[in-house]
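In what follows, chains are A, B, ... by sequence order, proteins preceding strands, each numbered from 1. Quick caveat, the model's predicted, so the values are computed rather than measured.
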Protein chains: 2
Amino acid sequence: MKRGTSRDIRTANRYEVLRQIIAASPTSRQELAAATGLSLATVATLVGELLDLRMITEVGFEDSAGGRPRGLVAVNASGGALIGVDIAETYVHVELFDLALNVLARAEENMRPGESRPQQVVSHVATAAGSVVAQAGVEAARVLGVGVSVPGQVDRATGISEYAPNWDWHDVPLLDLLSEHIAYPLYLDNPLRAGAVAELWFGAARGHGDAVVVNLGTGVGAGLVLGGGLHRGVSNSAGEWGHTTLVLDGRLCRCGNHGCVEAYVGAPGIMQNLSELFPHSPLLHPDDQTATIDALAIAVAANEPTAVQVVRETARYLGAGIANLINVLNPEVVVLSSWVAARLGEPLLKEVREAVARHALKRPLAANRIVISPIPTDPACLGAATFALEGALQSVGQRNVRRIASAGARSRTAPSG
Amino acid sequence: MKRGTSRDIRTANRYEVLRQIIAASPTSRQELAAATGLSLATVATLVGELLDLRMITEVGFEDSAGGRPRGLVAVNASGGALIGVDIAETYVHVELFDLALNVLARAEENMRPGESRPQQVVSHVATAAGSVVAQAGVEAARVLGVGVSVPGQVDRATGISEYAPNWDWHDVPLLDLLSEHIAYPLYLDNPLRAGAVAELWFGAARGHGDAVVVNLGTGVGAGLVLGGGLHRGVSNSAGEWGHTTLVLDGRLCRCGNHGCVEAYVGAPGIMQNLSELFPHSPLLHPDDQTATIDALAIAVAANEPTAVQVVRETARYLGAGIANLINVLNPEVVVLSSWVAARLGEPLLKEVREAVARHALKRPLAANRIVISPIPTDPACLGAATFALEGALQSVGQRNVRRIASAGARSRTAPSG
DNA sequence: GCGACTTTATAAAGCCCCTTTCCTAATCCC
DNA sequence: GGGATTAGGAAAGGGGCTTTATAAAGTCGC
């Protein structure tokens with residue numbers, strides 16, 4: 001059991017203030033204090049720290065109601081860059097963000113089915129990372145860090161990919177391999193947690209103490225935000241909701257079990273729902289999940305009856321599974337994220353809400369909202385980049401970066417210079 | 001989103017130290033520091049506070065390896081009393097504990113099926129509470145508080161029973177009603193959370209950051225310990241695992257849904273498992289859950305084949321349900337608690353472990369242990385009393401109870417005396 | 001146009017934590 | 001009886017956050 005120290009409070013407050021600034025840039029210290037519940041003085045020192053780090057800048061003044069004008073601060077977008085890497089079964093996405101978390105450059109590497117050796121994956125990542133830095137034309141020194149999201153079970157402390165189901169990796173020292181090609185600080189975790197952190201900082205989970213980010217892609221899982229922070233579990237593998245049993249002795253799942261949620265609501269599961277209901281449907285593109293989901297999305301948006309039925313059938317399972325999460329965890333918000341959720345969008349959401357209402361208990365249901373993720377880009381990339389941002393902020397607390405009057409940003413070193 | 005303050009750290013440390021003292025009484029400051037990871041100085045001040053509160057006492061010395069002997073402290077059992085109340089569908093249990101959480105007195109009131117009005121329940125509680133105080137012969141002033149566990153959804157802040165399924169209560173101001181009869185400080189919550197707190201302080205969850213306390217009684221639920229503390233959820237109704245779907249479109253549950261965990265592994269569910277497998281079994285006592293479970297427990301202990309089969313069938317459902325919790329939450333330990341678990345004991349545990357192993361993912365499974373609760377008495381009473389204990393400790397931090405040299409315990413008031 | 005009132009921002013002081021360090025107390029061993 | 005050793009307490013130090021005081025920068029009114 002880890003013990004909390006007063007520094008953790010500072011770190012949490014620093015996160016909170018920066019989050020708020022990114023969300024509502026430009027903003028004043030007053031507004032920040034009101035939004036965070038901190039005192040003006042604390043906000044002022046935190047803002048001072050962030051100014052020293054050149055993560056934010058003063059951008060002018062705002063009239064007050066008959067007094068000294070409020071100084072405004074905003075994210076210093078060009079003050080640094082963050083790289084987010086989303087390693088998936090068939091591709092590697094890399095995005096380079098500025099500090100406002102806008103995408104400045106993007107690169108994608110496709111992996112052929114045979115390519116499963118760690119070295120191959122690492123080299124794709126290195127290539128793409130090099131590419132985005134070059135595209136955006138940022139100096140290497142400005143890159144604050146690289147976050148990497150890799151599927152499966154990850155030990156973020158040691159940087160080891162303990163188990164990656166797609167490629168049958170076991171205890172691959174991924175961070176070490178990556179660090180041979182990439183000189184920036186590296187942060188490793190998995191897509192569930194990346195998605196959760198992305199929603200926590202920039203998405204629908206902002207300001208909520210308890211939230212669940214449901215990831216609907218090829219694989220299925222849930223990122224858990226509990227008590228205002230990410231819940232990792234004792235071996236950093238919490239959130240494997242995709243492999244919880246929903247239909248005992250039900251459909252075979254790729255994990256080897258029967259009746260898992262993923263077997264019904266992951267992209268392959270949805271394809272199976274479709275093919276069981278309408279084996280000859282023109283929507284069905286065997287061997288192409290993306291095409292099938294796309295076709296389904298277009299058809300359901302056009303209110304095509306068979307598509308509606310498939311979405312409804314999917315929502316029947318998904319709703320029951322989400323109701324399980326609501327009953328157990330009692331979260332304030334459930335966010336549907338990842339590409340399947342993004343494409344099926346509102347029609348899916350509507351059916352899911354109805355299905356959840358049939359299964360969840362009244363009180364937890366009443367306290368909960370279900371939404372589609374408002375994040376437009378790849379949430380795993382954004383979340384991975386956010387890990388890098390958190391890492392950059394973390395290091396502030398290490399040494400005493402005290403503001404010495406007008407010493408500016410170099411106060412980190414001895415005040416001799 | 002609530003914000004943490006440095007006082008919370010102090011409170012958590014105070015809990016931790018007292019927990020440790022209760023668990024390993026008598027003990028030395030050295031041992032406490034080692035066990036809690038706190039510095040000797042901090043332990044010394046916390047021990048000082050607890051001594052001032054008369055919750056612990058100095059009980060002698062212990063030889064050290066050739067130096068000054070270690071001072072020993074132990075719980076001052078007679079320094080106060082705590083009352084735990086477990087309100088259930090058919091009875092009210094009240095136990096009076098000393099500060100070492102030994103039961104000093106016990107009272108039980110049975111409620112007839114028709115008795116469901118809040119006033120009736122309250123009067124049973126008041127009677128029983130009066131009885132235990134009289135039995136134990138403790139002075140009223142020594143009673144530090146009364147914890148009350150009531151089924152259903154509870155708002156512990158306002159003391160309102162928002163919803164109690166058995167009696168169809170809606171928003172009953174239970175705490176107000178109780179306070180008309182009971183003068184001690186009152187603390188209200190539900191049995192799931194009471195059970196979890198009991199395990200966290202005195203049972204199998206001690207020292208674990210993430211644990212799940214599975215409650216197997218007539219009703220079924222889970223108390224969640226996450227990040228070292230109780231997880232309540234946004235509307236204080238987390239843990240309703242009994243009403244998560246395990247068999248979509250399965251057996252009808254009393255909540256109105258189909259295929260809930262509770263419908264298979266609660267006492268009535270187990271009876272149904274039995275009657276479906278062996279409709280004419282002599283183990284079956286229709287209309288008497290307790291007798292049936294007792295008979296089943298005796299038979300399975302004697303290795304009676306039909307009983308074994310019923311337990312195995314039950315464990316098939318229970319194991320899948322627990323595996324769901326393990327996959328989602330990745331806890332260090334799962335504790336099986338409440339009377340059904342206590343009676344079926346080891347045979348159930350063995351079958352459950354096998355069933356869980358079939359469903360849970362390798363990594364979270366490997367990090368997890370499943371045990372039967374080591375708490376011998378009614379865990380809801382103990383947990384409720386623990387809420388009262390926490391309440392008594394909480395109030396320490398309110399005013400500055402500074403130790404002024406030899407001012408003793410009265411330093412709470414102005415030092416004029 | 002200048003003083004008074006407002007509002008914002010920073011500095012200082014105070015309080016709450018925990019830890020480290022130093023010193024005293026109490027034994028054991030030689 | 002004098003070290004060596006271990007325990008316990010007091011003081012100092014380093015973080016944090018908040019409240020209070022002060023300086024800075026406008027607006028408003030006479």
Side-chain angles (χ1 to χ4, degrees), chain A residues 2-17 26-34 36-52 58 60-73 394 396-407, chain B residues 2-17 26-34 36-52 58 60-73 394 396-407:
Chain A
K2 70 187 55 154
R3 142 167 344 287
T5 127
S6 67
R7 243 196 191 102
D8 298 334
I9 298 175
R10 184 69 162 182
T11 301
N13 289 341
R14 193 172 9 240
Y15 286 180
E16 197 57 41
V17 166
T27 184
S28 64
R29 292 171 181 79
Q30 318 293 317
E31 210 175 333
L32 290 169
T36 58
L38 293 166
S39 74
L40 242 7
T42 301
V43 168
T45 62
L46 286 167
V47 165
E49 279 180 20
L50 293 171
L51 284 169
D52 278 357
E58 288 169 301
F61 296 90
E62 181 185 48
D63 278 5
S64 65
R68 173 173 170 172
R70 287 182 278 274
L72 294 177
V73 293
Q394 199 83 285
V396 179
Q398 309 298 57
R399 286 258 147 260
N400 45 333
V401 182
R402 195 86 53 79
R403 272 187 103 191
I404 296 160
S406 79
Chain B
K2 69 188 54 151
R3 151 166 335 290
T5 126
S6 65
R7 242 195 194 105
D8 298 335
I9 298 175
R10 184 68 161 183
T11 301
N13 289 341
R14 196 174 5 241
Y15 285 180
E16 196 58 40
V17 166
T27 184
S28 64
R29 293 171 180 79
Q30 318 292 316
E31 209 175 333
L32 289 170
T36 59
L38 293 166
S39 73
L40 244 5
T42 301
V43 169
T45 61
L46 285 168
V47 165
E49 277 180 21
L50 293 171
L51 284 169
D52 278 357
E58 288 170 300
F61 296 90
E62 181 185 49
D63 278 4
S64 63
R68 172 173 171 172
R70 287 182 279 274
L72 294 177
V73 292
Q394 199 82 286
V396 180
Q398 309 297 58
R399 286 257 147 261
N400 43 334
V401 183
R402 192 87 53 78
R403 272 188 102 191
I404 295 161
S406 79

**Complete:** Among D:dG8, D:dG16, C:dC17, the one nearest any side-chain atom of B:Q30 is D:dG8
**Prompt:** Starting at CG of A:L32 and ending at P of C:dA9, how long is that distance when rounded to a whole Å?
**Reply:** 10 Å
**Asked** Hey, what do you get for OG1 (B:T11) to CG (B:D8), rounding to the nearest 0.5 Å?
**Response** 6.0 Å
**Below 4.0 Å: OP1/OP2 of D:dG16 and any side-chain N or O of B:S6** = no
**Prompt:** Listed by chain and number, what are the side chain to side chain donor-acceptor pair (under 3.5 Å) partners of A:T42, not counting sequence neighbours?
**Reply:** A:S39
**Qualifying residues under side chain to side chain donor-acceptor pair (under 3.5 Å), relative to B:E62, sequence neighbours excluded** = B:R70
**Asked** So which heavy atom on B:S6 is nearest to which on A:I9, and how close?
**Response** N-CD1, 3.6 Å
**Request:** Return no unless some side-chain N or O of A:R10 is found under 4.0 Å from OP1 or OP2 of D:dC17.
**Result:** yes
**Request:** Looking only at side-chain atoms of A:N13, point me to the closest of D:dA7, D:dG15, D:dC17.
**Result:** D:dC17
**Prompt:** D:dT6 P sits how many Å from B:E62 CD, rounded?
**Reply:** 14 Å
**Prompt:** Which heavy atom of B:A33 sits nearest a heavy atom of B:V43, and at what distance?
**Reply:** CA-CG2, 3.7 Å
**Prompt:** Over how many whole Å does the gap from A:E49 atom CD to C:dT10 atom C1' extend?
**Reply:** 15 Å
**Message:** Using side-chain heavy atoms (C-beta onward) and a distance below 4.5 Å, is B:L46 in contact with B:L38?
**Reply:** yes
**Message:** From C-beta outward on A:S39, which listed nucleotide comes closest to its side chain: D:dT18, C:dT8, D:dG8?
**Reply:** D:dT18
**Prompt:** Between A:R29 (CZ) and C:dT10 (C1'), how many Å, whole number?
**Reply:** 9 Å
**Taking every non-hydrogen atom, the tightest pair across B:F61 and B:G71** = CD2-CA, 3.7 Å
**Fill in**
To the nearest angstrom, the CZ-P distance between A:R70 and C:dT8 comes to 5 Å
**Asked** Of all the choices, D:dG9, D:dG16, C:dT20, which nucleotide is nearest to the side chain of B:A41 once you look at every atom?
**Response** C:dT20
**Test side-chain contact (heavy atoms from CB on, under 4.5 Å) applied to A:T36 and A:N13, step by step** = CA-CA 8 Å; A:T36 58; A:N13 289 341; over 6 Å; no
**Fill in**
Between its two end axes (five pairs each) the helix from C:dG1-D:dC30 to C:dC30-D:dG1 turns, nearest 10 degrees, through 30°
**Asked** What's the spacing between A:L32 CG and A:E16 CD if we round to 0.5 Å?
**Response** 10.0 Å
**Asked** What's the CZ-C1' distance between B:R14 and C:dC18, to the nearest Å?
**Response** 14 Å
What does the list of N/O pairs under 3.5 Å between the protein and nucleotides 24-29 of chain D look like, with a distance for each?
| unit_1 | atom_1 | unit_2 | atom_2 | d |
| --- | --- | --- | --- | --- |
| D:dA25 | N3 | A:R68 | N | 3.4 |
| D:dG26 | N2 | A:G66 | O | 3.2 |

**Asked** What is the distance from CD of B:E31 to P of D:dG8, rounded to the nearest Å?
**Response** 12 Å
**Item:** Rounded distance [0.5 Å steps], CG in A:L51 versus CD in A:E49
**Value:** 10.5 Å
**Request:** Rounded to the nearest angstrom, tell me the gap between atom CD1 in A:I9 and atom C1' in C:dC16.
**Result:** 10 Å
**Asked** On DNA chain D, nearest-nucleotide positions of A:V43 versus B:G71: which is more 5'?
**Response** B:G71
